[in-house]
Enquirer: 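Below is a structure I'd like to ask you about.
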Amino acid sequence: MFGAIYIGLSGLGSYSDGLQAVSNNVSNLNTVGFKANDVTFQNVFGAGSQGGLEFGNSPKGSGYGVSLDELSINFSQGELRQTGRDLDLSIDGNGFFVLIDGDQQFFARTGSFVVDDEGFIVLQNTDFRLGVLDEEGRPKELNIDEFRTDPPEATTRVTFADNLSSTADDFTIPDLTVFGPNGEENNWTVQFERDQDEVDTWTVTVTNGSGTELGSETLIFANGEVSDDTTELSFEDEDEGLSVTFDFSEGVTSFSSGTVSSLRASDVEGHGTGSLATLAVNEQGQLEITYTNEETLELGSVALADFRDPQSLEQRGNALFEFNGFGQVQFLGAEDTRVGSILSRRLEASNVDLGNQFGDLILIQRGFQASSQIISVSNDMIQQLFGIRGQG
């Protein structure tokens with residue numbers, strides 16, 4: 001009967017520990033990135049040994065109660081909730097973000113990231129820096145300070161496309177913006193005039209914003225397509241240090257469309273000075289800066305960790321995980337399907353299922369009540385034995 005009391009006590013202790021685990025799950029219902037613990041119990045057997053009674057879960061021996069099984073982390077996907085921040089990141093898949101703190105590495109499923117005063121991308125309210133893959137595929141810290149400004153690039157080529165009507169007498173492209181070596185904008189006007197004697201021959205004249213003519217060249221068509229001899233025309237503005245090639249080799253035609261022409265500058269190389277406008281992660285999992293001059297720059301792939309055994313991870317505060325060093329881990333980019341894709345402007349919610357937790361709570365409560373009843377009944381029986389002795 002004393003053994004029954006100890007068995008009942010094992011139930012009280014185990015169900016109390018289980019209640020603590022369920023309570024932790026429920027209290028983190030709204031914690032971003034939290035992963036619930038699965039609560040299970042195992043029976044305890046006692047078997048004889050050279051040292052006396054040995055407890056464990058061996059199939060031999062007799063039952064000596066219950067214990068809380070080692071808690072396992074439920075890594076099922078949580079709801080991906082939209083936010084308005086470019087650096088609110090989450091993973092649709094099995095990977096983990098790599099966070100670097102000196103020589104230590106931590107891992108997270110989601111997080112709100114910011115750029116700190118030193119220019120590193122860190123998890124908000126921490127000093128943990130987001131890892132980016134280096135050339136050898138290892139996570140490294142990334143400082144964006146050197147990328148805050150996009151230097152200017154002078155225009156050297158303008159590519160044209162679409163149709164210059166063969167039955168029109170002239171056509172003008174106003175306000176063609178080209179960029180000088182220091183990023184200054186220059187507005188050119190391009191005038192096309194058809195030769196009245198030679199139908200397929202056009203004179204191309206370029207003037208700058210001050211009305212100064214920069215030069216004239218001849219553009220010739222043959223059977224509606226640009227002649228090979230005139231696919232590229234060059235114009236210079238020595239005062240601005242500009243030498244620009246007009247490229248008519250890609251899709252420029254000259255067919256009859258009345259007086260309406262659709263010829264346009266499809267691509268203008270070069271740009272002015274740009275400053276950082278946004279920092280986000282694109283669909284390929286690359287950290288990407290967008291500048292005010294509409295240029296973009298990819299800084300590298302965000303490092304994602306893939307664990308052969310995710311249960312080797314240990315939970316830490318702030319929905320972080322730490323790897324105990326055993327088992328295999330690989331660092332991959334989001335283009336690898338094993339780790340999933342990175343979603344910007346989304347955070348992964350807690351994966352706690354409140355219905356399941358309440359179900360576990362009821363079972364734990366009933367188990368605790370039953371265990372306490374065992375102790376109560378055993379105590380009554382012992383009291384009854386004491387009463388028999390008194391009667392004798």
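Note that these values count all heavy atoms, side chains included, but never hydrogens, waters or copies made by symmetry.
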Enquirer: Enumerate donor-acceptor pairs with a distance under 3.5 Å from any side-chain N or O in residues 106-122 to protein atoms, sequence neighbours excluded.
Expert:
from, atom 1, to, atom 2, distance (Å)
Arg109, NE, Glu348, OE1, 3.2
Arg109, NH1, Gly93, O, 2.7
Arg109, NH1, Gly95, O, 2.7
Arg109, NH2, Gln77, OE1, 3.3
Arg109, NH2, Ile91, O, 3.2
Arg109, NH2, Gly93, O, 3.0
Arg109, NH2, Glu348, OE1, 3.3
Thr110, OG1, Leu89, O, 2.7
Thr110, OG1, Glu348, N, 3.1
Ser112, OG, Asp88, OD1, 2.8
Asp116, OD1, Glu118, N, 3.0
Asp116, OD1, Gly119, N, 2.9
Asp116, OD1, Phe120, N, 2.8
Glu118, OE1, Arg129, NH2, 3.1

Enquirer: Decide side-chain hydrogen bond (donor to acceptor under 3.5 Å, both in side chains) for Arg338 and Gln330; before the verdict, give the C-alpha distance in whole Å, the side-chain angles of both, and the deciding distance to 0.1 Å.
Expert: CA-CA 10 Å; Arg338 286 174 289 179; Gln330 289 182 293; 3.2 Å; yes

Enquirer: With heavy-atom distances below 4.5 Å as the criterion, would you say the side chains of Leu214 and Thr207 are in contact?
Expert: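 No, their side chains stay 4.5 Å or more apart.
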
Enquirer: Check Ser261 against Ala168 and note the closest heavy-atom contact, atom names and distance.
Expert: OG-CB, 4.3 Å

Enquirer: Mind jotting down which residue pairs meet the salt bridge (charged side-chain N to carboxylate O under 4.0 Å, His left out) criterion with at least one end in residues 367-383? Sequence neighbours excluded, please.
Expert: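 Sorted result for residues 367-383: empty, none.
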
Enquirer: Applying salt bridge (charged side-chain N to carboxylate O under 4.0 Å, His left out) as the test, list every pair that has at least one member in residues 65-84; sequence neighbours left out.
Expert: Glu79-Arg81

Enquirer: What distance separates Leu363 CG from Tyr15 OH, expressed to the nearest 0.5 Å?
Expert: 8.5 Å

Enquirer: Mind checking side-chain hydrogen bond (donor to acceptor under 3.5 Å, both in side chains) for Glu213 and listing every partner two or more places apart, or none if nothing turns up?
Expert: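 Scan of Glu213 (side-chain hydrogen bond (donor to acceptor under 3.5 Å, both in side chains), adjacent residues dropped) gives Ser216.
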
Enquirer: I'd like to know if the side chain of Ser344 reaches the main chain of Asp86, judged simply by a donor and an acceptor atom lying under 3.5 Å from each other, with no hydrogens or angles considered.
Expert: yes

Enquirer: Test Asn28 against Ser350 for side-chain hydrogen bond (donor to acceptor under 3.5 Å, both in side chains), laying out the working first.
Expert: CA-CA 7 Å; Asn28 284 282; Ser350 169; over 6 Å; no

Enquirer: Output the distance between atom CG (Asp360) and atom CG (Asp353), rounded to the nearest 0.5 Å.
Expert: 9.5 Å

Enquirer: Using the rule that Ile, Leu, Val, Met, Phe, Trp and Tyr join whenever any side-chain heavy atoms are under 4.5 Å apart, tell me whether Val178 and Val204 fall into a single cluster.
Expert: yes

Enquirer: Parallel, tilted or perpendicular: which describes the rings of Phe246 and Phe235, with under 30° parallel and over 60° perpendicular?
Expert: tilted

Enquirer: Do Asp150 and His271 touch side chain to side chain, with heavy atoms closer than 4.5 Å?
Expert: yes

Enquirer: Verify, without hydrogens or angle tests, whether Ser372 (side chain) and Gln369 (backbone) share a donor-acceptor contact under 3.5 angstrom.
Expert: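 Side chain of Ser372 to backbone of Gln369: a pair is present.
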
Enquirer: Verify side-chain hydrogen bond (donor to acceptor under 3.5 Å, both in side chains) between Thr167 and Ser165, making sure each step is shown before the conclusion.
Expert: CA-CA 5 Å; Thr167 52; Ser165 178; 3.2 Å; yes

Enquirer: When rounded to the nearest 0.5 angstrom, what is the spacing between OG in Ser90 and CG in Leu343?
Expert: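 Here the rounded value is 4.5 Å.
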
Enquirer: Calculate, to the nearest 0.5 Å, the distance between atoms CG and CG belonging to Leu130 and Leu87 respectively.
Expert: 8.5 Å

Enquirer: Could you point out which residue of Val352, Asn74, Leu71 forms a side chain to side chain contact (heavy atoms under 4.5 Å, CB included) with Asn37?
Expert: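 Result: among Val352, Asn74, Leu71, Leu71 is the only option passing the side chain to side chain contact (heavy atoms under 4.5 Å, CB included) with Asn37.
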
Enquirer: Could you tell me which residues satisfy salt bridge (Lys or Arg N to Asp or Glu O under 4.0 Å) with Glu295, sequence neighbours excluded, listed by chain and number?
Expert: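 Not a single residue meets the salt bridge (Lys or Arg N to Asp or Glu O under 4.0 Å) criterion with Glu295.
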
Enquirer: Keeping to residues at least two apart or across chains, list the ring pair (Phe, Tyr, Trp, His ring centres under 6.0 Å) pairs with something in residues 285-306.
Expert: none

Enquirer: Is Phe358 reachable from Leu19 through a run of hydrophobic residues whose side-chain heavy atoms are each under 4.5 Å from the next?
Expert: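 As far as the 4.5 Å side-chain criterion goes, Phe358 and Leu19 are connected within one cluster.
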
Enquirer: Any pair with a residue in residues 227-241 that passes salt bridge (charged side-chain N to carboxylate O under 4.0 Å, His left out), sequence neighbours left out, goes on the list, sorted by first then second residue, please.
Expert: Arg157-Glu232

Enquirer: Looking only at atom types and distance, does a side-chain atom of Lys35 sit under 3.5 Å from a main-chain N or O of Ser76, one as donor and one as acceptor?
Expert: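 At least one qualifying donor-acceptor pair exists.
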
Enquirer: So, using side-chain contact (heavy atoms from CB on, under 4.5 Å) as the criterion, who are the partners of Leu276 when residues are at least two apart?
Expert: Ile144, Arg148, Ile289

Enquirer: Where does the angle between the aromatic ring planes of Phe321 and Phe75 fall among parallel (under 30°), tilted (30 to 60°) and perpendicular (over 60°)?
Expert: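 Phe321 vs Phe75 ring planes: tilted.
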
Enquirer: Using 4.0 Å as the upper bound for N to carboxylate O, is an ion pair formed by Asp170 and Arg194?
Expert: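 Judged by the 4.0 Å cut-off on N to carboxylate O distance, Arg194 and Asp170 do not form a salt bridge.
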
Enquirer: Applying side-chain hydrogen bond (donor to acceptor under 3.5 Å, both in side chains), name anything that partners Arg264, two or more places apart in sequence or on another chain.
Expert: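 Per chain and number, Arg264 pairs via side-chain hydrogen bond (donor to acceptor under 3.5 Å, both in side chains) with Asp162.
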
Enquirer: Sequence neighbours excluded, which residues qualify as side-chain hydrogen bond (donor to acceptor under 3.5 Å, both in side chains) partners of Glu283?
Expert: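 Glu283 satisfies side-chain hydrogen bond (donor to acceptor under 3.5 Å, both in side chains) with no residue once adjacent residues are dropped.
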
Enquirer: Rounded to the nearest 0.5 Å, how far apart are OG1 of Thr177 and CG of Asn187?
Expert: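 Taking OG1 in Thr177 and CG in Asn187, the distance rounds to 4.5 Å.
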
Enquirer: Establish whether Val226 and Leu233 are linked, either directly or via other cluster members, by ILVMFWY side-chain heavy-atom contacts under 4.5 Å.
Expert: yes

Enquirer: Mind checking what makes side-chain hydrogen bond (donor to acceptor under 3.5 Å, both in side chains) contact with Thr172, not counting sequence neighbours?
Expert: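 Partners of Thr172 by the side-chain hydrogen bond (donor to acceptor under 3.5 Å, both in side chains) criterion, ordered by chain and then number, come out as Gln191.
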
Enquirer: Are Phe192 and Phe221 connected into the same hydrophobic cluster when the rule is that any two of I, L, V, M, F, W, Y join if their side-chain heavy atoms are below 4.5 Å apart?
Expert: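 Phe221 and Phe192: one cluster.
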
Enquirer: Name the atoms and distances for all side-chain donor-acceptor pairs under 3.5 Å in residues 296-304, with sequence neighbours left out.
Expert:
from, atom 1, to, atom 2, distance (Å)
Glu298, OE2, Asn282, ND2, 3.1
Ser301, OG, Gln286, NE2, 2.8

Enquirer: Val252, Val199: one ILVMFWY side-chain cluster at the under-4.5 Å cut-off?
Expert: no

Enquirer: Just verifying a value: how many Å separate Phe248 CZ and Leu164 CG, rounded to the nearest 0.5 Å?
Expert: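 Phe248 CZ to Leu164 CG: 8.5 Å, rounded to 0.5 Å.
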
